[in-house]
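Accompanying notes for the structure given below.
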Amino acid sequence: MNKTLASLAMASALFSVTFSAAAEVTVTDAWVRGMVKGQTETGAYMTIKSTEPTKLVGVSSPVTKVVQLHEMKMDGDVMTMRPLKSLAVPADKPLSFGPDGYHIMLIDLKKPLAKGESVPLKLTFRSQGGKKSSVEVKAEVRALTEPSAPAPMDHAHMQH
Ligand SMILES: [Cu+2]
């Protein structure tokens, strides 16, 4: 990486926070799955990277009071999701959320989030030493038809 690229990369790492002298958590590629009329919940996805082992212990957003951390799992041949209290983030290994894995569930939305809308999310981490810190990101709402967005799921059949 040359110098120009390196400084560009640093400038784009806007959503990072320094915990201590060494540990740093970076959240990138945050996005929210587009919604259809009548839908009251959707998923948010991102990639979390930390220089030290840490734990995601909470997520909040001004768009709704009910924000949960979820995990998708195959239970036999049925895809189910369950809420997680926390999620361990290993050191220097990007942890990617995805429609078939970890996601943040925005529940009880008063109205569907519109495509292009920017959804603020506040992620709270707790380091191994017990120190809490948070990272704020803005997740863009993508249309359901965009390739990166998965097919809509029928959450009515999933337990929350
Ligand atoms: Cu979920």
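Remember, predicted model here, so these are calculated numbers, not experimental data. Sequence positions, counted from 1, serve as the residue numbers for this chain. Whatever order the structure lists them in is the order used to number ligands and atoms, beginning at 1.
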M81 near the Cu ion (ligand 1) via N/O/S, less than 2.8 Å: yes
Minimum-distance atom from the Cu ion (ligand 1) among N, O or S atoms of H103: NE2
Report, rounded to 10°, the angle at the Cu ion (ligand 1) between the two atoms SD (M105) and ND1 (H70). 110°
Verify, without hydrogens or angle tests, whether T64 (side chain) and I107 (backbone) share a donor-acceptor contact under 3.5 angstrom. yes
Just by distance, do the side chain of T47 and the backbone of S96 share a donor-acceptor pair under 3.5 Å? no
The Cu ion (ligand 1) contact by M72, N, O or S atom under 2.8 Å: no
Within the 4.5 Å heavy-atom criterion, are I104 and F97 side-chain neighbours or not? yes
Give me the ring orientation class for H70 and H103: parallel if the planes are under 30° apart, tilted from 30 to 60°, perpendicular past 60°. perpendicular
